[in-house]
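Please read the structure below before turning to the comments.
The analysis underlying the following values was restricted to heavy atoms, covering all of them including side chains, and did not include hydrogens, waters or symmetry mates.
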Amino acid sequence: MDPISAALLASLAGGVGGELGRQVWAGLGVLVHRPFQRDEDGGQLPATRPGEAELARLEERPADPVRAQALSAALAMGAAVDMDFHAGLQQWLAQATALVHSVGGDTRNEISGGTFRGPVLQGRDFSGASFTTHTQPSPPTPPGGADPGQRD
């Protein structure tokens, strides 16, 4: 299972989606606080579940991306060791993703004026994207401060 987006977790912890969003967030809490079931070999797992502390910390400060990332990692760890948790987390993720997409509405992107010296990305719902850019130096100003594009 891919890690759950830290942005999705932060959005839900921050209250996106109103009452429905709170219900989806509460569903994650129920899932995280549920005791471990059994591992793949049928053995009993420890009583504490990864994610309980991380969930509480993100609820305290939903805008903190480090806390959201920590919860995402803890959820992935829990899903890796508990197949029932894995299945429940996949169900929860489907509900949460549907909610966020329905709440987001239309996307409007606008660039007005200005000079851009690198890529400009506009869109909605980027997932798993990673961008590396190299800034390009500004063109040198010739002696006397004249604009190189100007003509006499």
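The two residues Ala63 and Pro65 have their closest heavy-atom pair at O-CD, 3.1 Å. Heavy atoms only, all atoms of each residue included: Ala96 and Leu12 are closest at CB-CD1, 3.6 Å. Scanning all heavy atoms of the two residues, the minimum distance from Leu58 to Ala13 falls at CG-CB, 3.8 Å. Minimum interatomic distance between Phe85 and Leu75 (heavy atoms only, all atoms of both residues): CE2-O, 3.5 Å. Looking at every heavy atom in both residues, Ala79 comes nearest to Leu89 through CB-CD2, 4.1 Å.
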Dump the intermediate steps for side chain to side chain contact (heavy atoms under 4.5 Å, CB included) on Val24 and Leu28, then the final yes or no.
CA-CA 7 Å; Val24 170; Leu28 180 61; over 6 Å; no
Evaluate the criterion side chain to side chain contact (heavy atoms under 4.5 Å, CB included) for residue pair Gln69 and Leu9; output intermediate values, then yes/no.
CA-CA 8 Å; Gln69 188 60 47; Leu9 294 169; over 6 Å; no
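Using a distance-only test at 3.5 Å, with no hydrogens or angles considered, no donor-acceptor pair links the side chain of Ser72 to the main chain of Ala6.
Note: Glu54 CD to Arg67 CZ = 11.0 Å, rounded to the nearest 0.5 Å. One finds the CG atom of Asp82 at 6.5 Å from the CZ atom of Arg34 (value rounded to the nearest 0.5 Å). Rounding to the nearest 0.5 Å places CH2 of Trp25 at 5.0 Å from CG of Leu55.
Between Arg57 and Glu60 there is no salt bridge, since no side-chain nitrogen of the basic residue lies less than 4.0 Å from a carboxylate oxygen of the acidic one.
Under a hydrophobic clustering in which Ile, Leu, Val, Met, Phe, Trp and Tyr are joined whenever their side-chain heavy atoms come within less than 4.5 Å, directly or via other members, Leu20 and Leu8 fall into the same cluster.
Every residue was checked against the side chain to side chain contact (heavy atoms under 4.5 Å, CB included) condition with Gln91, not counting sequence neighbours, and none meets it.
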